[in-house]
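Small disclaimer: the values here were computed from a predicted structure and weren't measured. Along the sequence shown, residues carry numbers from 1.
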Amino acid sequence: MQNLTAAVTVAAEEARVVNELIAPDWVFGVGSFVLLLLMLAATMSLGSVSKRLPVPAAEVDVHGAAGRGGRRSGH
């Protein structure tokens, strides 16, 4: 039983691999938080787009001046 325990202990110590990160660990937390805040701001800024009234395709001339250079008829 002691041989098995010793073998497991040795295997666990040999399997430890340390991979260095490119930045300190707190940078990943702060970066993720800032990224999520930017995505929240983008989402909130586009919230009212669906509530806007549709833009008319062309101006409607209710007085019939279209096609005459914008001049009114002489009535």
Side-chain angles (χ1 to χ4, degrees):
M1 188 70 167
Q2 283 184 338
N3 291 338
L4 181 62
T5 305
V8 170
T9 304
V10 170
E13 289 177 1
E14 290 177 4
R16 176 174 254 180
V17 176
V18 176
N19 293 326
E20 294 293 327
L21 297 174
I22 60 172
D25 53 355
W26 62 269
V27 173
F28 293 101
V30 171
S32 299
F33 183 70
V34 169
L35 179 66
L36 289 172
L37 283 178
L38 289 173
M39 291 191 306
L40 175 67
T43 302
M44 297 302 288
S45 69
L46 295 173
S48 65
V49 171
S50 65
K51 296 175 185 166
R52 293 182 187 164
L53 293 175
V55 178
E59 295 223 6
V60 178
D61 187 22
V62 294
H63 298 292
R68 302 182 203 171
R71 287 180 254 155
R72 290 186 176 187
S73 61
H75 59 281

Is there a continuous path of hydrophobic side-chain contacts, each under 4.5 Å between heavy atoms, that joins F33 to W26?
no
Should V30 and V27 be regarded as members of a common hydrophobic cluster, given that ILVMFWY residues are connected when their side-chain heavy atoms come within less than 4.5 Å of each other, either directly or indirectly?
yes
Please round to the nearest 0.5 Å and tell me the distance separating atom CG of L35 and atom CG of L40.
11.5 Å
Find out if a path of hydrophobic residues (ILVMFWY) with successive side-chain heavy-atom gaps under 4.5 Å connects L21 to V34.
no
Tell me whether the count of non-hydrogen atoms from other residues, nucleotides or ligands lying under 6.0 Å of CE in M44 goes above 12.
no
